[in-house]
Chemist: 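If you scroll down you'll find the structure; I have some questions about it.
Sequence lines set the chain letters: A, B, ... in the order given, protein chains first and strands last, and positions in each chain run from 1.
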4 protein chains.
Amino acid sequence: MARRRSDDKRERILQAAVKVFAKKGYFAARVSEIASKAAVADGTIYLYFKGKEDLLVSLFDEVMKEHIEQARAELALVPTAPEKLRVIAEHHLRAMGQNRDLAVVFQVELRQSTKFMERFTASWLQDYFSLMSAVIEDGQKDGSLRPELPRKVVVKALFGALDEMVTSWILSRRDYDLDKLAAPVVDLFLRGAASTGTRGPTRRPALAGTAS
Amino acid sequence: MARRRSDDKRERILQAAVKVFAKKGYFAARVSEIASKAAVADGTIYLYFKGKEDLLVSLFDEVMKEHIEQARAELALVPTAPEKLRVIAEHHLRAMGQNRDLAVVFQVELRQSTKFMERFTASWLQDYFSLMSAVIEDGQKDGSLRPELPRKVVVKALFGALDEMVTSWILSRRDYDLDKLAAPVVDLFLRGAASTGTRGPTRRPALAGTAS
Amino acid sequence: MARRRSDDKRERILQAAVKVFAKKGYFAARVSEIASKAAVADGTIYLYFKGKEDLLVSLFDEVMKEHIEQARAELALVPTAPEKLRVIAEHHLRAMGQNRDLAVVFQVELRQSTKFMERFTASWLQDYFSLMSAVIEDGQKDGSLRPELPRKVVVKALFGALDEMVTSWILSRRDYDLDKLAAPVVDLFLRGAASTGTRGPTRRPALAGTAS
Amino acid sequence: MARRRSDDKRERILQAAVKVFAKKGYFAARVSEIASKAAVADGTIYLYFKGKEDLLVSLFDEVMKEHIEQARAELALVPTAPEKLRVIAEHHLRAMGQNRDLAVVFQVELRQSTKFMERFTASWLQDYFSLMSAVIEDGQKDGSLRPELPRKVVVKALFGALDEMVTSWILSRRDYDLDKLAAPVVDLFLRGAASTGTRGPTRRPALAGTAS
DNA sequence: GATGAATGAGCGTTCATTCAT
DNA sequence: GATGAATGAACGCTCATTCAT
């Protein structure tokens, strides 16, 4: 696709925005700082974006679009639902683990307000959830996943678990590999935390027999 | 009206702050609006709090303190780790499900910035994680929970799942009972999403060749 | 004269005001700090003074009243105008040199605004100028002072010179005796700066051609 | 209108500041009033000055710089110390007498606080004093001024006298020519107030023989 | 008289956005 | 398209003063 010559300016602005938002936070970030880091004049930003808020929105849109496209492509390469879930987890954690500044923007800055969150939930995040939901559904149909589980809860639980791994990684000072957590998270998610034979919250050790 | 300090003024201010923060977001919230909703003068707020930010911090501190105390008390009443986990989940979802405005503040406004998040993570949230971690550890020792799972990951996954249920509930327009989700979440968490016999992401049907 | 028991409170407040005004400046001075230094409640100040500004006005009034009374008494003890001028200079510099905080208030804080200055000029300062003017007049009548000099200019010049000694002393970090300057100032004031024989700016050596 | 910086905006702002500071006093002066009088937006002031205080400081710096330069130039034109002193006095009084508002700022507003005064004393005022001191020194060396007088006292006395003329002129309602006072002040300063033959504070009329 | 909690008016400054060049 | 000087709305906080106790 033909790109206008100055499209690299747009890109530079977005990259500068990620850095400044990550370092200062959305509100404390100064448009003029983003402009200067992108080596453009303040006013130039307004030729490419509607305003400060649009920087955040555009950032989210573009990153999510690519993330979801890639995820879809990778998912096509593995056959079973459990494997697909692992692909999703790995992809999610790898994507965020690659660029800490971007991760900060996604985990923190994009959650400034219910207004933002609703907007994001309604757009690409919905797509992401659908993607996961479809995998779950397939798994429930082909018998690899427990069919009695409410799909929405399963999706949210997986997303929430992954999301928390990322947030925790951001706030941690240690610099571990985020994507190494994909395996244990998926293992936990699929097999559960309970030991075999005592699985389920209602089943209790035999000795406790009379308790309700 | 008594000119004696403390009255219930402090409490009224905090409650007003919850409402205004939830409606407008922390940054857009006006101190004067909080004051007027609390029926005190603007300056009075500064007799009880250091500033706008201190309102948020105090809110978090007081709610978390009570939440954790209650959780501890409830945990003492049940014997096994799986049951304790259900208590935690129920308590978590019930607490947040009771006051939507407070939930908004906790899920959205308190996560404005890495500064806030680090501060909170370092204080009560740490306590909350420890509480959960201790339960997991007990379960792993008495054999009710799989001992090979990395405890930190388990804690974060559970917290993340619960956290996402709350966030999702806030953003949803439907007004379902949040605490009803405790059961399926804990069931999923303990038993896993995979059907028995096909558990584990690595195990694939022997003749998986044709699976899509 | 019978003084009400609590008159010592009034005095304590004024003394505290001098200290705080001197340290912080009038505008930056906090009424509450004055109250706390005087060991009274904030509101108590308003039982003795109309407001913050009244503290400054009262301070000026009382100090000037006493200063002028003392000056008058001391003046009665010496007979000639030149000696009286020395008495005035000594008294002026001694009074201010005794209490640096008070001097700061008089030299700096009381000159905050034309409003203050006009008020003060119109009251006690006018008295002080009259006192000096009367001495000058006496001197001019009895022949000890040059009669052709415009009295007002003489008074202002003397006051200005003394005033500058005080201001300079306040701002200086060295801790010299301010009243030691009375002698040279009066000497300069009476005899002039010019050497005898070359006095007067208009008189130039007849053959001035070679003067450097 | 040109959007180019510097225009005459900076100058307009300073002139507006002089007027507003003179009328309201530094503390009561509103930045927004200065802006509106200068016909610029409030924010524009901050493109040229660091803040309200910087307006005062810049005012002082620029006026003093020019004043001292001019004084130096004029001094070079007259040969003797007594004449130089008259030049200084005339220049001082003329400069202040030309712009009452500016004079108010210099005599009143710039003396808000010891902080300001120390700052000013340490900068241009020091220069001004040095200028005067050099003239005195020259006069003492060439015999036109009494060598036994302490130079610092002489300088302060002259400055103080001139300063008081200005202050007094400002506070007076009558609108006389300030620079007309230069002659009598310098005459008094050089020849002293005492009549010839009775000069000096220690010499007393013979008739007064027995007084101490 | 004394207290001190409560009041609420008041303002310097920042910064996202515009628009003449 | 690009610039960056100019704009001006917006607000958290302080503190002199009041007044119920």
Side-chain angles (χ1 to χ4, degrees), chain A residues 4-7 9-10 27-36 39-55, chain B residues 1-7 9-10 27-36 39-55, chain C residues 4-7 9-10 27-36 38-55, chain D residues 1-7 9-10 27-36 38-55:
Chain A
R4 285 194 314 282
R5 178 173 54 90
S6 47
D7 254 18
K9 235 168 220 164
R10 185 174 199 283
F27 275 95
R30 302 298 153 222
V31 172
S32 61
E33 188 178 351
I34 294 172
S36 107
V40 298
D42 291 18
T44 303
I45 288 184
Y46 293 84
L47 298 175
Y48 295 90
F49 301 94
K50 285 208 276 298
K52 189 182 178 184
E53 189 176 317
D54 190 37
L55 285 170
Chain B
M1 192 220 300
R3 281 297 186 120
R4 295 286 91 214
R5 194 160 172 166
S6 94
D7 269 336
K9 279 200 179 66
R10 190 189 147 86
F27 276 96
R30 300 301 149 220
V31 173
S32 61
E33 188 177 350
I34 294 173
S36 105
V40 299
D42 289 18
T44 303
I45 288 183
Y46 295 86
L47 295 177
Y48 294 92
F49 301 93
K50 288 206 222 54
K52 190 183 177 184
E53 188 176 318
D54 191 36
L55 284 171
Chain C
R4 287 195 313 282
R5 178 173 54 90
S6 46
D7 254 17
K9 235 169 219 164
R10 186 174 198 282
F27 274 95
R30 301 297 152 223
V31 172
S32 62
E33 187 178 352
I34 294 172
S36 107
V40 299
D42 291 18
T44 303
I45 288 184
Y46 293 84
L47 298 175
Y48 293 91
F49 301 94
K50 285 208 276 299
K52 189 183 178 183
E53 189 177 316
D54 191 37
L55 285 171
Chain D
M1 192 218 302
R3 280 299 185 119
R4 296 283 90 215
R5 193 160 173 168
S6 93
D7 269 337
K9 280 200 178 67
R10 190 189 147 86
F27 276 95
R30 300 299 149 221
V31 172
S32 61
E33 189 179 350
I34 295 173
S36 106
V40 299
D42 290 17
T44 304
I45 288 185
Y46 295 85
L47 295 177
Y48 295 91
F49 301 95
K50 289 206 224 51
K52 189 184 179 184
E53 188 176 318
D54 191 37
L55 284 171

Chemist: What is the distance, rounded to the nearest whole Å, between atom CG of B:Asp54 and atom C1' of F:dG12?
Modeler: 14 Å
Chemist: Rounding to a whole Å, what distance do you find between B:Phe27:CZ and E:dT14:C1'?
Modeler: 14 Å
Chemist: 5'-most contact on DNA chain F: D:Thr44 or C:Ser32, nearest heavy atom basis?
Modeler: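 Between the two, 5'-proximity favours D:Thr44.
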Chemist: Looking across every strand, which nucleic acid part, if any, lies under 4.0 Å from B:Ala29 by heavy atom: base, sugar-phosphate, or nothing?
Modeler: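 B:Ala29: backbone/sugar contact only, no base atoms under 4.0 Å.
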Chemist: Please report the shortest heavy-atom distance between D:Arg10 and D:Phe49, naming the atom on each side.
Modeler: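 For D:Arg10 and D:Phe49, the tightest heavy-atom pair comes out as NH1-CE2, 3.5 Å.
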Chemist: Which heavy atom of D:Ile34 sits nearest a heavy atom of D:Ile45, and at what distance?
Modeler: CG2-CD1, 4.0 Å
Chemist: State, to 0.1 Å, how close D:Asp42 and D:Ser32 come at their nearest heavy-atom pair, and which atoms those are.
Modeler: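 Closest approach of D:Asp42 to D:Ser32, heavy atoms only: OD2-CB, 3.4 Å.
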Chemist: What is the separation between atom CZ on C:Phe49 and atom P on F:dT18, rounded to the nearest whole Å?
Modeler: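 It is 16 Å, rounded to the nearest whole Å.
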Chemist: Write down the distance between CD (D:Glu33) and P (F:dG8), rounded to a whole number of angstrom.
Modeler: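 Rounded to the whole Å, the gap is 17 Å.
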Chemist: If you assign each of A:Leu47 and B:Asp42 to its closest nucleotide in DNA chain F, which residue comes earlier from the 5' end?
Modeler: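 Of the two residues, A:Leu47 wins.
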Chemist: Under the 3.5 angstrom rule, does the side chain of A:Lys52 hit a backbone N or O of A:Phe27 as a donor-acceptor pair?
Modeler: yes
Chemist: May I have the distance from C:Arg10 (atom CZ) to E:dG1 (atom P), rounded to whole angstrom?
Modeler: 13 Å
Chemist: Looking only at side-chain atoms of B:Ala41, point me to the closest of F:dT7, F:dG12, E:dT7.
Modeler: E:dT7
Chemist: Under 4.0 Å: is that the gap between some side-chain N or O of D:Lys9 and OP1 or OP2 of F:dA5?
Modeler: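 So the side-chain polar atoms of D:Lys9 never come under 4.0 Å of the phosphate oxygens OP1 or OP2 of F:dA5.
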Chemist: May I have the distance from C:Leu55 (atom CG) to F:dT17 (atom C1'), rounded to whole angstrom?
Modeler: 13 Å
Chemist: Of the options E:dT13, F:dC13, E:dT17, whose atoms approach the side-chain atoms of B:Tyr46 most closely?
Modeler: F:dC13
Chemist: How many whole angstroms separate atom NZ of C:Lys52 from atom P of F:dT17?
Modeler: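 Going from NZ in C:Lys52 over to P in F:dT17 covers 8 Å.
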Chemist: Please work out if C:Gly51 contacts a base, only the sugar-phosphate, or nothing of the nucleic acid, heavy-atom cut-off 4.0 Å.
Modeler: sugar-phosphate
Chemist: Nearest to the side chain of C:Val31, which nucleotide is it out of E:dA16, F:dT17, E:dA6?
Modeler: F:dT17
Chemist: Between F:dT17, F:dA2, E:dC11, which nucleotide gets closest to the side-chain atoms of A:Tyr48?
Modeler: F:dA2
Chemist: Whole angstroms only, please: what is the CD1-P distance between B:Ile45 and E:dA5?
Modeler: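 Rounded to whole Å, this separation is 17 Å.
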Chemist: Side-chain N or O of C:Arg30 versus OP1/OP2 of F:dT14: is the shortest distance under 4.0 Å?
Modeler: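 No, because none of the side-chain N or O atoms of C:Arg30 sits under 4.0 Å from OP1 or OP2 of F:dT14.
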Chemist: Stem list for DNA chain E, please, built from Watson-Crick and G-U wobble pairs under 3.5 Å and keeping only runs of at least 3.
Modeler: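 So far as stems of 3 or more pairs are concerned, DNA chain E shows E:2-21 with F:2-21.
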Chemist: Could you state the interatomic distance from CG (A:Leu55) to OH (A:Tyr48), rounded to the nearest 0.5 Å?
Modeler: 13.0 Å
